[in-house]
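Below is one structure, written out as structure tokens, with a few remarks after it.
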Number of protein chains: 2
Amino acid sequence: MTNRVRRSMPLLPISIVMQLTDLTARQIRYYEEHELIRPARTEGNKRMFSLNDVDVLLEIKEYLDQGLNMAGIKKIFELRVQPKAEVAEQKTVSDTELRQILREEILQSRSYERGGYRQGDLSRFFH
Amino acid sequence: MTNRVRRSMPLLPISIVMQLTDLTARQIRYYEEHELIRPARTEGNKRMFSLNDVDVLLEIKEYLDQGLNMAGIKKIFELRVQPKAEVAEQKTVSDTELRQILREEILQSRSYERGGYRQGDLSRFFH
DNA sequence: ACTCGATGTTACATTTCCTTACACAAAAAT
DNA sequence: ATTTTTGTGTAAGGAAATGTAACATCGAGT
């Protein structure tokens, strides 16, 4: 359930996404222009990307490499069936709420798996 | 193996960490001053935090709530045994390499679990 | 009352990111 | 063979996020 929530949480600034995807800012913004991704915005209008966004970007890159154009890629994403539950969830949960959820889950999770590690473990959090 | 790598990858700007932890920038920087965390820096000297860092920060917060002071918390972290393999890994892998690894893993992972979802799945990546 | 530890606040500098506009090469369309 | 479209580069100017540094505050303990 919350898996999807986690992956769609806007956490990353564009600089990191650039490093993760090897795309330029220009490219990333261009793909957003074509509505292939919809990064969240901070109060100050800066883009914040989710892991999902990164994933989509990598996929776009792949398709471009294979010779597809924007139209083709756009169509592919359109055809992808989107579970209704997911849509509902996305519409009802705000970014701020997402982070609240995340924080709570982190707090809960930590109590368990703290063993011989120097620091607590956040990995459980991601799936 | 790469689990630890992932969690120690510097991805988050301070603003997001603030939201995730409910700490102020002042507090976060203060804890860094006391070497409880060691966030990476961008070329432009901005702090970039890993999930590990967030985890540690939440722990610090917890301890402070319980009345501990910096010295106490510091000591606790010191006493935490750190597996040797981890140390070696942390010393030999640069941030840039980390992101490279991450990217590659994302690419690999996506091919599998793409089913009825609108977008590829990055979750496998985290643990 | 005084000190110290943890945090708030303010000021100023720098970096990062934004939008907008123009350029351009390669591909597609005419 | 031109002309258009597409995907991307690049530059300008401005706004937002973050940095450091200094001083202020406030509670706990002495």
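Every chain is numbered from 1, with letters handed out A, B, ... down the list of sequences.
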Identify the two heavy atoms, one from [X] and one from [Y], that lie closest to each other, and give their separation to 0.1 Å.
X: B:Ser8; Y: B:Asn52; result: CB-ND2, 4.0 Å
X: A:Pro10; Y: B:Ile16; result: O-CD1, 3.7 Å
X: A:Ile37; Y: A:Pro39; result: C-CD, 3.5 Å
X: A:Pro13; Y: A:Leu11; result: CD-O, 3.8 Å

Of B:Arg26 and B:Gly44, the one whose nearest nucleotide on DNA chain C sits closer to the 5' end is B:Arg26
Whichever of B:Thr42 and B:Thr24 has its nearest DNA chain C nucleotide further upstream toward 5'
B:Thr24
Please report the interatomic distance CD(A:Glu59) to CD1(A:Ile76), rounded to the nearest 0.5 Å.
8.0 Å
Using 0.5 Å steps for rounding, measure from the CG atom of A:Asp55 to the CZ atom of A:Phe49.
14.0 Å
Walk along DNA chain C from 5' to 3' and tell me the first and last nucleotide with an atom closer than 4.0 Å to a non-hydrogen atom of chain B.
C:dG5 to C:dT16
Before accepting this row, confirm whether a basic side-chain N of the pair A:Glu32/A:Arg41 lies closer than 4.0 Å to the acidic partner's carboxylate O.
yes
Between A:Tyr31 and the options A:Met70, A:Arg26, A:Lys61, the side-chain contact (heavy atoms from CB on, under 4.5 Å) test singles out A:Met70
First-last contacting nucleotides on DNA chain D - partner chain B, under 4.0 angstrom, heavy atom:
D:dA17 to D:dT20
